[in-house]
Amino acid sequence: PSTLLTGLDFSSRVLDKARMICPSAKFRQHDIYTPLEGDFDLVLCCETLEHMEHPAKALEQLVHDAVCVAITVPNGMVDTYPGHINFWSKRSWEIFLDQFSSSWDCTINLINGDRQIGTIMRRRAS
């Protein structure tokens, strides 16, 4: 009951739909390449980075002030959607996340019948 939910998207149309589904949450338009405003205990990024021209820059902004980040991307070994520009296998995803390994512990698993790669990133204690 005391949880504050905040939803971010670049599309005002998507945000309008989200407001109808979850009226108690706060929603705002946001460019994924800019820093998040505020501190977040948990950031969810689902089925987004495969569309980004600069996924590392996007993820860098998402993790900036977060404690925990949960991410899903399609498993590039089975993904054939033409709208995706990034196709990661589990191993190439691990390599992609290595750039964050000094500050984050990452748990990576295949999920949803191996159709997706699920990742939990937890900030390391200083």
Side-chain angles (χ1 to χ4, degrees):
S2 63
T3 301
L4 173 62
L5 299 175
T6 302
L8 307 171
D9 200 283
F10 73 96
S11 168
S12 59
R13 186 174 55 91
V14 168
L15 292 170
D16 289 342
K17 286 183 181 182
R19 285 182 187 100
M20 292 177 9
I21 294 168
C22 189
S24 62
K26 294 183 179 184
F27 294 96
R28 65 179 188 246
Q29 206 160 8
H30 181 77
D31 177 349
I32 198 167
Y33 294 120
T34 61
L36 294 173
E37 296 173 9
D39 295 328
F40 296 90
D41 294 325
L42 174 63
V43 172
L44 300 174
C45 181
C46 301
E47 308 305 303
T48 302
L49 297 178
E50 64 275 10
H51 299 275
M52 302 287 101
E53 288 185 23
H54 308 285
K57 181 179 177 185
L59 187 53
E60 186 176 297
Q61 299 307 320
L62 294 174
V63 303
H64 189 265
D65 291 319
V67 174
C68 183
V69 179
I71 306 164
T72 63
V73 295
N75 179 354
M77 299 300 288
V78 296
D79 180 22
T80 59
Y81 182 69
H84 294 164
I85 58 177
N86 296 296
F87 294 85
W88 290 285
S89 66
K90 185 178 179 207
R91 181 65 187 133
S92 64
W93 180 248
E94 290 168 350
I95 292 167
F96 170 75
L97 291 178
D98 272 349
Q99 62 195 299
F100 300 94
S101 64
S102 64
S103 301
W104 294 85
D105 289 317
C106 298
T107 303
I108 303 168
N109 291 294
L110 292 174
I111 58 174
N112 193 15
D114 293 348
R115 291 185 7 217
Q116 293 169 297
I117 302 169
T119 303
I120 303 293
M121 297 175 67
R122 292 179 184 85
R123 185 176 299 279
R124 290 194 175 140
S126 305

(request) State plainly whether the residues Asp105 and Arg122 are in salt-bridge range, i.e. N to O under 4.0 Å. (result) no
(message) Looking at Asp16 and Arg19, is any side-chain nitrogen of the basic one under 4.0 Å from a carboxylate oxygen of the acidic one?
(response) yes
(request) Give, for atom CG of Asn86 and atom OG of Ser92, the distance between the pair rounded to the nearest 0.5 Å. (result) 9.5 Å
(request) Look up atom NZ in Lys17 and atom OG in Ser11, then write down how far apart they are to the nearest 0.5 Å. (result) 8.5 Å
Within the structure provided, determine whether [X] and [Y] are in side-chain contact (heavy-atom separation under 4.5 Å).
| X | Y | result |
| --- | --- | --- |
| Thr72 | Asn112 | no |
| Glu47 | Gln116 | yes |
| Met121 | Leu97 | yes |
| Val43 | Leu36 | yes |

Using the rule that two of Ile, Leu, Val, Met, Phe, Trp, Tyr join whenever any of their side-chain heavy atoms come within less than 4.5 Å, decide whether [X] and [Y] are in one cluster.
| X | Y | answer |
| --- | --- | --- |
| Trp104 | Ile120 | no |
| Ile32 | Leu59 | yes |
| Leu44 | Phe100 | no |
| Leu8 | Leu15 | no |
| Leu49 | Leu42 | no |

(message) Looking at every heavy atom in both Pro35 and His30, which two are closest together, and how far apart are they?
(response) O-CE1, 3.3 Å
(request) Determine the minimum heavy-atom distance between His51 and Gly83, stating which atoms define it. (result) ND1-O, 3.5 Å
Any sub-3.5 Å donor-acceptor pair from [X]'s side-chain atoms to [Y]'s backbone N or O?
| X | Y | value |
| --- | --- | --- |
| Arg123 | Ala66 | yes |
| Thr48 | Cys46 | yes |
| Arg28 | Thr6 | no |
| Gln29 | Phe10 | yes |
| Tyr81 | Pro74 | no |
| Asn109 | Ile111 | no |
| Asp79 | Phe87 | no |

(message) Quick check on Asp41: does its CG atom have over 12 non-hydrogen neighbours (other residues, nucleotides or ligands) under 6.0 Å away?
(response) no
(message) Counting only heavy atoms from other residues, nucleotides and ligands, does the tally under 6.0 Å from CZ of Arg124 exceed 12?
(response) yes
(request) Test Glu94 against every option in Ile117, Thr119, Ile108 by the side-chain contact (heavy atoms from CB on, under 4.5 Å) rule and name the one that passes. (result) Ile108
(message) If we check side-chain contact (heavy atoms from CB on, under 4.5 Å) with Ile85, which of these qualifies: Met52, Glu53, Glu50?
(response) Glu53
(request) Could you check whether the rings of Trp88 and Trp93 sit parallel, tilted or perpendicular, using 30° and 60° as the cut-offs? (result) perpendicular
